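Order of the sequence lines fixes the chain letters, A, B, ..., with proteins taken first and strands second; residue numbering starts at 1 for each chain. No experiment lies behind these values; they were computed from the predicted model shown.
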Amino acid sequence: MAQFQAVKGARDIFPDEVVRWHHVEGVIRSVAALYGFSEIRTPVFEYTELFQRGIGSTTDIVGKEMFSFLPDPNGRSITLRPEMTAGVMRACLQKNLLSLAPVHKLYYISDLFRKERPQAGRQRQFSQFGAELLGVSSPAAVAEVLTFMMQVFETLGLHGLRLRINSLGDVEDRARYREALREYFLPYAADLDESSKERLEKNPLRILDSKNPALKEMIAGAPRLYAYLKPEAVADFEKVLSFLSDRAIAYDIDHLLVRGLDYYCHAAFEVTSSELGAQDAIGGGGRYDSLAKELGGTADLPAVGFAVGMERLMIAMEKQGLFATLNPHGPLVYVVVQQQELSDHGMQVAFRLRKAGLKVEIDLAARSMKAQMREANRIGSSYALFIGQTEHESGLYSLKNLVTSEQTSLSLDAVIEILSTPG
RNA sequence: GUGAUUGUAGCUCAGCUGGUUAGAGCGCCAGGUUGUGGCCCUGGAGGUCGGGGGUUCGAGUCCCCUCAUUCACCCCA
């Protein structure tokens, strides 16, 4: 029988890598605290309609990437969350959070599921950290969220990132622009590729971010969304940009940036890293003022948010050597037992040292002294404490400094005292 | 979903145009050092050559199918 392996697109994270996750998560949490964002955790699954309504049924995510199933024959379809925003919004509406305070700043670090073919920087189960600012979506709010995100990158030491930003205007702006695009592309319809033809019908904006080189020229000649924005929207967007400039956050305006989720409006942005290969988007987000209503909320609930791919973030960090200094320190003392008959005594000694607050490791497999010593060395112990017949009888143990190879004979109390003193 | 790629020891990989007992490095275990690691030397364990079928006197090597991997497209984090 063939061995089991992890489900396609899912992977295991072993201890040496978990250390990295702890590091990154720690930075995220501490920067979130600086900006006043609090953590929210929502269920991994939601009713399927939530995503259909929230993300948009024409999007790729909803159209072909969701893990959906019926919990019972007559039940409602539920779906493993493919993104966080819809769920967070649902939670806040359900709890009527905004009645407690007009503005909420939330962040999350959560696992998501999308049924795509895995490739570099893309898995079926992956993790995002992100933030949602609910209650305002003013330029200041957009800048708040963006600055939080960029400060996380900066604190982690990640460089070589590119922030692209665009304004999608409001619903009316986009409706007018959509028509203009349709008019522009219609004469070229025969030259469009299959997916673009479909988008011409459903959502012409999406043609803009096609990476098909054959369409590049055609796209470059298309009318620009910017020209269709109301003056207020332009002013709003420029205010966001000036906030960014004030904070020395570099950006590029990208008129072709539309993003694949239906709920975005006005400011939309994306951060890419040159370290990542084909899937180079490390994070993205924008405003989604109409999402709450889409989900059945009674009032308008302006909101801004972003999401960053944890795995992609960590791939980029790895490439830049940002984990190099992240070495977990091994146990302080390795208790080495001379012969099997003494192993019970060794366990007692180990236990006593641990109770005294020392990091202690001991062989549980009754291996030879040589093996025990090799193990002590391999896992980076600072000391070996030998337990042989002599030690057992005299109560004086041989403590060997594994760096200097010096060895002294001490009582257990003395061992504890010496090793407990820092330095 | 589409395309390409790869699949040989725990890991990284050799294995030329099909030829006899399938190799290396690292790791692991043991010995050299009868109570002491890292270096070195010696030895050892460990392989349904992803799986199934076919061609052939003979298949790790060629053909077909299948599963899996990786990268890319689509799209996204």
So which nucleotide does B:C26 pair with, by the Watson-Crick or G-U wobble rule with both distances under 3.5 Å?
B:G10
Under 4.0 Å, heavy atoms only, any strand: does A:Arg374 hit a base, just the sugar-phosphate, or nothing?
sugar-phosphate
Parallel, tilted or perpendicular: which describes the rings of A:Phe237 and A:Tyr226, with under 30° parallel and over 60° perpendicular?
perpendicular
Can you check the distance between B:U12 and B:G47, where both ends of the measurement are the C1' atom (answer in whole Å)?
16 Å
Does the separation of the ring centres of A:Tyr184 and A:Tyr177 fall below 6.0 angstrom?
no
Shortest non-hydrogen contact between A:Ala316 and A:Ser273, atoms and distance
CB-OG, 3.8 Å
Hey, does A:Lys370 reach any base, or is it just sugar-phosphate, or nothing, if we go heavy atoms under 4.0 Å?
base
Which part of the nucleic acid, if any, lies within reach of A:Ala120 when heavy atoms closer than 4.0 Å are counted: base, sugar-phosphate only, or nothing?
sugar-phosphate
Please measure how far the C1' atom in B:C13 lies from the corresponding atom in B:C49, and state the result in whole Å.
13 Å
What is the separation between atom CZ on A:Arg378 and atom C1' on B:G38, rounded to the nearest whole Å?
13 Å
Measure CE/A:Met373 against P/B:C39 and give the value in whole Å, please.
13 Å
Cationic tip of A:Arg76 above A:Tyr47 ring, under 6.0 Å, 45° of axis:
yes
Candidates A:Val142, A:Asp289, A:Val240 - the one meeting side chain to side chain contact (heavy atoms under 4.5 Å, CB included) with A:His266:
A:Asp289
Sugar-phosphate only, base, or nothing, as touched by A:Glu116 at under 4.0 Å among non-hydrogen atoms:
base
Looking at every strand, decide which applies to A:Glu391 at a 4.0 Å heavy-atom threshold: base, sugar-phosphate, or nothing.
base
Can you tell me the distance, in whole Å, between the CD atom of A:Gln125 and the P atom of B:A77?
17 Å
At under 4.0 Å between heavy atoms, what does A:Gly121 touch on the DNA or RNA strands: base, sugar-phosphate, or nothing?
base
Give one of base, sugar-phosphate or nothing for A:Ile282, where a contact means two heavy atoms less than 4.0 Å apart.
sugar-phosphate
Centres of the A:Tyr107 and A:Tyr35 rings: under 6.0 Å?
no
Whole angstrom is fine here: how far is it from NZ in A:Lys115 over to C1' in B:G1?
11 Å
B:G31 P sits how many Å from A:Met369 CE, rounded?
12 Å
Any N or O donor-acceptor pair linking the side chain of A:Ser368 to the base of B:G31 at under 3.5 Å?
no
Answer with yes or no whether A:Gln372 presents, from its side chain, a donor or acceptor under 3.5 Å of a partner atom in the base of B:U36.
no
Whole angstrom is fine here: how far is it from CZ in A:Arg117 over to P in B:C73?
13 Å
Give the rounded distance in Å between these two atoms: CD of A:Gln5 and C1' of B:G7.
11 Å
Please work out if A:Glu375 contacts a base, only the sugar-phosphate, or nothing of the nucleic acid, heavy-atom cut-off 4.0 Å.
nothing
Within this structure, what is the CD1-to-P distance between A:Ile315 and B:A77, rounded to whole angstrom?
15 Å
Of A:Ile387 and A:Leu276, the one whose closest nucleotide on RNA chain B sits nearer the 5' end is A:Ile387
